[in-house]
Protein chains: 2
Amino acid sequence: MSVDDLLRNHGLKKTTTRKQVLDIYLNTDHALAVADVEEALGDGVDRVTLYRTMGTFEEKGLLHKVYDDDGKLKFSLCSSDCSSHQHHDNHLHFHCRKCGKTTCIENVAVPEVEGLEGFDIQDVYMVANGTCKDCIQAA
Amino acid sequence: MSVDDLLRNHGLKKTTTRKQVLDIYLNTDHALAVADVEEALGDGVDRVTLYRTMGTFEEKGLLHKVYDDDGKLKFSLCSSDCSSHQHHDNHLHFHCRKCGKTTCIENVAVPEVEGLEGFDIQDVYMVANGTCKDCIQAA
DNA sequence: TCCTTAATGAAACATTGTTGCATTTAACTT
DNA sequence: AAGTTAAATGCAACAATGTTTCATTAAGGA
């Protein structure tokens, strides 16, 4: 789907910044922090705008939050069935301690949690840490 | 085990601050951030010292890191089989969105990750978000 | 008790994220 | 195509979290 369509489908105004940010995510296979996007855009866009843009994208279901090993917040593109206030990012995330990249493993689902009586579980977040394919092969 | 024993067993000097911090963790059932410990100690101890103390405790296997829903770093007491550079906190963590407390669910193990070919998984981190027992009963 | 090393306190700095307000721009109206 | 309005942006200031350096203090062994 095109950047323009994505924005329209999520009820968002088509601004220059939003198109640029979305384009970056569409062309990246791993999660990006605000600072990463800022760097990719090479100045020109205010930090605050990026925080707001990415916050809006998250609210509207375009991006979902990903936390790596060190609690660093990154964002990753949502699959198409995410919408406002209803994320479906029930997949595993992998954080590579070598290259630092955090990747969505869409084809590995987060398992159901068993044996937690008396709690109301709304969602479960799961990250595996280790060495990714690319870094293993490069070694 | 007593505070003094715990410190000695992990090769740490018995200082006033360390004893106080450890005591707080032994008497709390949920994870605490540096700011929480600072508040519990009611001034008197420098923030920097707490960062260092808790960092040391983590290194030596007395505390393990816990990240809640919002990426906020907290620490939780390790079970007795943790040691330097070899944590065994392979249990589920629960973060309550009502009261904000993050708790270790020691009796629910993190399930094995299946189907990740080509990756080297060192450890897996898992947090369930929702409403905890106490908050459900209080409602 | 003395001595050495580790732990602490204080100040300064770095990074990350937020808030208020003035300005600009997208998208709708006419 | 120009005008209008609400949303998006830029800027400045602030807040929270964490780190680094260095002088001082305290712990634990000799």
Side-chain angles (χ1 to χ4, degrees), chain A residues 2-24 31-60 62-75 84 100 102, chain B residues 2-24 31-60 62-75 84 100 102:
Chain A
S2 76
V3 166
D4 285 22
D5 289 341
L6 277 171
L7 289 174
R8 189 174 17 230
N9 291 349
H10 289 82
L12 292 167
K13 281 193 183 176
K14 248 186 294 175
T15 71
T16 310
T17 304
R18 285 180 181 170
K19 284 192 276 188
Q20 286 178 317
V21 171
L22 204 44
D23 193 63
I24 289 172
L32 298 171
V34 170
D36 299 326
V37 174
E38 194 185 6
E39 198 188 338
L41 286 177
D43 266 12
V45 181
D46 196 90
R47 227 162 41 88
V48 177
T49 302
L50 291 180
Y51 275 106
R52 285 192 279 227
T53 299
M54 286 154 78
T56 304
F57 282 0
E58 202 269 340
E59 272 175 35
K60 300 290 183 175
L62 271 162
L63 296 178
H64 64 267
K65 293 184 178 180
V66 177
Y67 291 100
D68 71 16
D69 206 21
D70 302 311
K72 200 164 165 355
L73 171 62
K74 298 175 179 176
F75 293 92
S84 301
T102 303
Chain B
S2 77
V3 166
D4 285 22
D5 290 340
L6 277 171
L7 288 174
R8 185 172 21 221
N9 291 349
H10 289 83
L12 292 167
K13 281 193 183 173
K14 248 187 294 175
T15 71
T16 311
T17 304
R18 286 180 179 170
K19 284 191 276 187
Q20 285 177 316
V21 171
L22 205 43
D23 193 62
I24 289 172
L32 298 171
V34 170
D36 299 326
V37 174
E38 194 185 6
E39 198 188 335
L41 286 177
D43 267 12
V45 181
D46 196 90
R47 227 161 40 85
V48 178
T49 302
L50 291 180
Y51 276 105
R52 284 192 280 226
T53 299
M54 286 152 76
T56 304
F57 281 1
E58 202 269 341
E59 271 174 37
K60 298 290 182 178
L62 271 162
L63 297 178
H64 65 267
K65 292 184 179 181
V66 177
Y67 291 101
D68 71 15
D69 205 21
D70 302 311
K72 200 165 164 359
L73 171 61
K74 297 174 178 176
F75 293 92
S84 300
T102 303

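Per chain, numbering begins at 1; letters A, B, ... match sequence-line order. These numbers were taken from a predicted model, which means no experiment stands behind them.
- With hydrogens and angles ignored, the 3.5 Å screen pairs no side-chain donor or acceptor of A:Asp23 with any backbone N or O of A:Gln20.
- Relative to the axis of its first five pairs, the axis of the last five pairs of the helix from C:dT1-D:dA30 to C:dT30-D:dA1 sits at 30°, rounded to 10 degrees.
- Using a 4.5 Å heavy-atom cutoff, the side chains of A:Phe75 and A:Thr102 are not in contact.
- As rounded to whole Å, 19 Å separates atom C1' of C:dT8 from atom NZ of B:Lys14.
- In this structure the side chain of B:Leu73 never reaches within 4.5 angstrom of the side chain of B:Val34, judged on heavy atoms.
- With a 4.5 Å cut-off on side-chain heavy atoms, B:Phe57 and B:Leu7 count as touching.
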Legend entry - Sequence-aligned protein contact record of nucleotides 4-17 of chain D, with B where the base is within under 4.0 Å of a protein heavy atom and S where only the sugar-phosphate is: ---SSBBBB----B
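- Taking atom CD of residue A:Glu39 and atom P of nucleotide C:dT16, one finds them 11 Å apart after rounding to whole Å.
- Remark: C1' of C:dG9 and CG of B:Leu41 are 15 Å apart, rounded to the nearest angstrom.
- As a whole-Å value, the separation of B:Met54 CE from D:dT19 C1' is 15 Å.
- In this structure, A:Glu38 places its CD atom 11 Å from C1' of C:dT15, rounding to the nearest Å.
- B:Arg18 contributes a side-chain N or O that, together with a main-chain N or O of B:Lys13, makes up a donor-acceptor pair within less than 3.5 Å.
- At least one side-chain heavy atom of A:Leu50 sits under 4.5 Å from a side-chain heavy atom of A:Leu41.
- B:Asp70 contributes no side-chain N or O that, together with a main-chain N or O of B:Lys72, makes up a donor-acceptor pair within less than 3.5 Å.
- Contact annotation: the side chain of B:Tyr67 never approaches that of B:Lys74 to less than 4.5 Å [non-hydrogen atoms, C-beta and beyond].
- Spacing between atom NZ of A:Lys65 and atom C1' of C:dT16 amounts to 13 Å, rounded to whole angstrom units.
- Distance, B:Gln20 CD to D:dA26 C1': 15 Å, rounded to whole Å.
- Side-chain contact between A:Leu62 and A:Thr56 is absent, with no heavy atoms from C-beta onward closer than 4.5 Å.
- Residue A:Asp70 contributes atom CG, which lies 14 Å from atom C1' of C:dT15 at whole-angstrom precision.
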